[in-house]
Asker: 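Let me begin by handing over the structure; questions about it come next.
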Amino acid sequence: QVQLVESGGGLVQAGGSLRLSCAASGRTLSSYAMGWFRQAPGKEREFVAAIRWSDSVTAYADSVKGRFTISRDNAKNTLYLQMDSLKPEDTAVYYCAADRPRWYGSRWYTTTAHEYDYWGQGTQVTVSS
């Protein structure tokens, strides 16, 4: 089992930056795909970014590409999401997730929320205009 705890959310102005953290505990993440999702009120949970823990290969949603950066610190067993050039439409609860070792066709990750095995409690990010 894997336990995930997000932190770092808050209120920022448009154009500002924020870094989210996700502390993981439990079994090793060496073979996992880790992801960030977000969910705004009345909307489905949306894929943001993913990283393969073993070698830090990354993937991003088009909506955040070039603005957000996903990374991990193996020594601290922590996942990060650096968010720059924030926009009001980035406002949402952000969730950290872990996917057991699997393949999706030729891809190492999935953008479908229900296919992830473990989830954190979420952290609120609000971007004011």
Side-chain angles (χ1 to χ4, degrees):
Q1 61 181 17
V2 176
Q3 294 175 311
L4 306 171
V5 180
E6 302 98 332
S7 62
L11 174 64
V12 298
Q13 294 183 343
S17 297
L18 205 60
R19 189 177 76 161
L20 306 183
S21 298
C22 172
S25 61
R27 69 183 304 132
T28 180
L29 301 176
S30 296
S31 299
Y32 278 68
M34 300 291 295
W36 286 100
F37 286 75
R38 64 188 183 186
Q39 188 166 23
K43 295 186 177 181
E44 294 184 344
R45 195 162 296 188
E46 175 190 22
F47 172 78
V48 175
I51 185 168
R52 189 161 62 188
W53 197 267
S54 60
D55 59 4
S56 295
V57 172
T58 59
Y60 296 93
D62 289 341
S63 59
V64 306
K65 197 172 299 181
R67 299 189 298 120
F68 291 10
T69 303
I70 188 171
S71 62
R72 53 81 164 158
D73 186 326
N74 188 55
K76 296 181 178 180
N77 226 31
T78 299
L79 179 71
Y80 301 99
L81 184 68
Q82 177 67 42
M83 303 184 293
D84 298 319
S85 301
L86 283 162
K87 305 174 181 179
E89 52 262 44
D90 295 319
T91 295
V93 176
Y94 282 70
Y95 297 90
C96 175
D99 188 19
R100 64 181 173 87
R102 288 185 289 181
W103 290 91
Y104 302 90
S106 61
R107 301 199 309 181
W108 55 269
Y109 71 99
T110 178
T111 61
T112 303
H114 71 80
E115 293 179 322
Y116 283 74
D117 299 308
Y118 304 100
W119 292 88
Q121 82 289 348
T123 185
Q124 177 71 47
V125 172
T126 302
V127 184
S128 62
S129 59

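Position 1 is the first residue of the sequence, and the numbers go up from there.
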Asker: Could you tell me whether the side chain of Thr111 reaches within less than 4.5 Å of the side chain of Glu46, counting heavy atoms only?
Answerer: no

Asker: Please report the interatomic distance CG(Leu20) to CH2(Trp36), rounded to the nearest 0.5 Å.
Answerer: 4.5 Å

Asker: Quick check: do Ser63 and Glu89 have side-chain heavy atoms less than 4.5 Å from each other?
Answerer: no

Asker: Is Glu6 reaching over with its side chain to a backbone N or O of Gly122, donor-acceptor style, under 3.5 angstrom?
Answerer: yes

Asker: Are Lys65 and Asp62 close enough for a salt bridge, meaning some N to O gap below 4.0 Å?
Answerer: yes

Asker: Taking C-beta and beyond as the side chain, do Ser56 and Ile51 meet within less than 4.5 Å on heavy atoms?
Answerer: yes

Asker: Do Tyr109 side-chain atoms and Ala49 backbone N/O form a donor-acceptor pair below 3.5 Å?
Answerer: no

Asker: If you take all heavy atoms of Trp119 and Tyr116, which pair is closest and at what distance?
Answerer: NE1-O, 3.6 Å

Asker: Where does the angle between the aromatic ring planes of Tyr118 and Tyr32 fall among parallel (under 30°), tilted (30 to 60°) and perpendicular (over 60°)?
Answerer: tilted

Asker: Looking only at non-hydrogen atoms, find the nearest pair between Ala92 and Ala40 and report the distance.
Answerer: CB-N, 3.9 Å

Asker: Tell me whether Tyr60 contacts the main-chain N or O of Ile70 through its side chain, where contact means a donor paired with an acceptor under 3.5 Å.
Answerer: yes

Asker: Using side-chain heavy atoms (C-beta onward) and a distance below 4.5 Å, is Phe68 in contact with Leu86?
Answerer: yes

Asker: Please determine which of Val125, Asp90, Val127 meets the side-chain contact (heavy atoms from CB on, under 4.5 Å) test together with Leu18.
Answerer: Val125

Asker: Which value, rounded to the nearest 0.5 Å, describes the distance between Leu11 atom CG and Gln124 atom CD?
Answerer: 9.5 Å

Asker: Do Val64 and Met83 make a side-chain contact, defined as non-hydrogen atoms from C-beta onward lying under 4.5 Å apart?
Answerer: no

Asker: In the structure I gave you, are the side-chain heavy atoms of Val2 and Met34 within less than 4.5 Å of one another anywhere?
Answerer: no

Asker: Nearest 0.5 Å, please: how far is CD in Gln121 from CD in Gln3?
Answerer: 11.5 Å

Asker: Can a donor-acceptor pair be found, under 3.5 Å and without considering hydrogens, that links the side chain of Arg52 to the backbone of Val57?
Answerer: no

Asker: Nearest 0.5 Å, what's the CG-OG distance between Leu81 and Ser71?
Answerer: 8.5 Å

Asker: Taking atom CG of Asp55 and atom CH2 of Trp108, what is their separation to the nearest 0.5 Å?
Answerer: 8.0 Å

Asker: Is there a side-chain contact between Asn77 and Trp53, using heavy atoms and a 4.5 Å cut-off?
Answerer: yes

Asker: Do Tyr80 and Thr69 come close enough that some side-chain heavy atom pair is under 4.5 Å?
Answerer: no

Asker: Can Tyr95 be reached from Val48 by stepping across I, L, V, M, F, W or Y side chains whose heavy atoms are under 4.5 Å apart?
Answerer: no

Asker: Taking all atoms of both residues into account, what is the closest heavy-atom pair of Leu4 and Cys96, and its distance?
Answerer: CD1-O, 3.7 Å

